[in-house]
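Hydrogens, waters and symmetry mates are skipped; everything else that's a heavy atom, side chains included, is used.
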Amino acid sequence: MYSIEQRVFLVLEYHRLRESPTATRRSFQARFNVPKGPDAKTIRTLFAKFQRTGSVTDDLVGNVGRQQTAVTPENVATVSGIIQQNPMSSVRRIASETGLKCSSMQKILRKSLHMFPFKIQTHQAIPVRAVQQRVDFANQMLTMIDSEGFDVGCIWFTDEAHFHLNGFVNKQNWRFWGSENPYWCEAKPLYSPKVTVWAAVCSRGIIGPFFIRETVTSKRYVAILEQFVATQQVLEDRQRTEWFMQDGARPHRTEQVFRFLDEYFGNRVIALEYPKFTGAGMDWPPYSPDLTPCDYFLWGTLKDIVYPKHPATLDELESAICVACESISVETLRNVMANFILRLRHLYCANGEHFENIVM
């Protein structure tokens, strides 16, 4: 160890040698017998400290002994108690209550308590009556699957969705980094041009997409169904009996639509209020987008593929959607149908309530 006087001398000599164009670290180490390795860093640290404080002593308050840390067993226990009482407390609020720094709070939560911030999801409230309808549907479908060997891959799941030309931007992540505020504004139309897309999905593939640029009415919906049936009937492998599913949108629940479905599918229809009209088929439970492959898979997948290409017109948007549909493999669709069965089981265990937070 060096004395304080020797440290000051070494620092000043190191500084003088650095001023000389011929000085090197090696010559300094050889002259004063300074070992190689970390001691060179110690010299630089001492020199920086001497420049900053005018001293290289280590007896100042806070510099003696091991570095103090706020991650103590007492603080960990205090934070753990606060979290147990209110798991939704913010880091800043807990830091304010305990008098600790936010950085210390992060260390305690992550490294000591092994906790992580999980985002709370919001969803639409389900009326009590709809909850029971969801349970009944799941029970009926699972009975058909487990007891009768029903193949969910023979169901054509259908739905429609709006695709806006400009897409939607998550403004929470919309940032511009710079040294000055650019006051940047982007002009967007008040009403973004959009197209309504209808498609049918089963384990064999996708029929569609079909496009509607006007408001969806019962008449326009039947026209799409006619195109769907014409395509479905020319498909090969007509060995199996296929079902048709639709949700409870108002244009879907008209006499004209139900008569059309009854003519082509008979009792092999899963649709809200269809059994009331025909006396056959199955009721589709309301408030159940979490059971529709189009909702939990197709629309999100298509938008992830389409929007990065930035289509400039509705024609380009429709073309991009068609290409995206063709890119989805049959193997993927089979996995999607297997996920439908998994969702039915989770729905039944959740007694008809939301379950997507536990679906993998």
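- Note on Arg134 versus Asp290: salt bridge recorded, some NZ/NE/NH1/NH2 to OD/OE distance being below 4.0 Å.
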Exercise. Begin with the C-alpha distance, continue with both residues' side-chain angles, and end with the deciding distance and a verdict on side-chain contact (heavy atoms from CB on, under 4.5 Å) for Phe211 and Ile321.
Key: CA-CA 10 Å; Phe211 303 103; Ile321 293 172; 4.0 Å; yes
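- Just one of Val71, Thr98, Ile94 meets the side chain to side chain contact (heavy atoms under 4.5 Å, CB included) condition when paired with Ile108; it is Val71.
- Other residues, nucleotides and ligands contribute only 12 or fewer heavy atoms inside 6.0 Å of the CD atom of Glu331.
- In this structure, Trp284 CH2 and Gln246 CD are separated by 11.0 Å, a value rounded to the nearest 0.5 Å.
- To the nearest 0.5 Å, the span separating CE on Met141 from CE on Met144 amounts to 5.5 Å.
- If you take CD1 on Ile83 and OG1 on Thr78, they are separated by 12.0 Å, rounding to the nearest 0.5 Å.
- Ring centroid separation for the pair Trp198 and Phe228 comes in under the 6.0 Å cut-off.
- Note that Lys303 lies in the cation-pi zone of Phe163, set by a 6.0 Å cut-off to the ring centre and a 45° limit from the axis.
- Expressed to the nearest 0.5 Å, how far CD1 of Ile206 lies from SG of Cys294 amounts to 8.0 Å.
- Interatomic distance, Ile270 CD1 to Asp283 CG, rounded to the nearest 0.5 Å: 10.5 Å.
- Of all the heavy atoms in Ile145 and Val152, the pair that sits closest is CD1-CG1, 3.5 Å.
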Exercise. Under the side-chain contact (heavy atoms from CB on, under 4.5 Å) rule, what do Gln85 and Ile82 come out as? Steps first, then yes or no, please.
Key: CA-CA 5 Å; Gln85 292 181 0; Ile82 295 175; 5.8 Å; no
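- Using a 3.5 Å distance cut-off with no hydrogens or angles, the side chains of Glu160 and His252 do pair a donor with an acceptor.
- Gln140 and Asp136 share no donor-acceptor pair across their side chains, judged by distance under 3.5 Å alone.
- Nearest approach of Ser218 to Gln256, heavy atoms of both residues: OG-OE1, 3.6 Å.
- Counted by atom type alone, Glu226 and Tyr264 present zero donor-acceptor pairs between their side chains at under 3.5 Å.
- Asp146 has a carboxylate O that lies under 4.0 Å from a charged side-chain N of Arg345, or vice versa, which qualifies the two as a salt bridge.
- Taken from CD1 in Ile207 to SG in Cys325, the straight-line distance is 12.0 Å, to the nearest 0.5 Å.
- Checked against the 6.0 Å centroid threshold, Trp156 and Phe265 do not count as a close aromatic pair.
- A salt bridge is defined here as a Lys NZ or Arg NE, NH1 or NH2 lying under 4.0 Å from an Asp or Glu carboxylate O, and Glu263 with Arg259 fails to meet this definition.
- Figure legend: Arg343 and Tyr296 shown as a cation-pi pair, the cationic atom lying under 6.0 angstrom from the six-membered ring centre and within 45 degrees of its axis.
- Within a 6.0 Å radius of CZ in Arg129, no more than 12 heavy atoms belonging to other residues, nucleotides or ligands are found.
- Closest of all the heavy-atom pairs between Asp295 and Pro289 is CB-O, 3.2 Å.
- Using a 3.5 Å distance cut-off with no hydrogens or angles, the side chains of Asp304 and Thr301 do not pair a donor with an acceptor.
- In this structure, Tyr348 places its OH atom where only 12 or fewer heavy-atom neighbours from other residues, nucleotides or ligands lie under 6.0 Å away.
- Residues Glu97 and Arg92 are not paired through a salt bridge, judged by the lack of any N-O separation under 4.0 Å between the basic side chain and the carboxylate.
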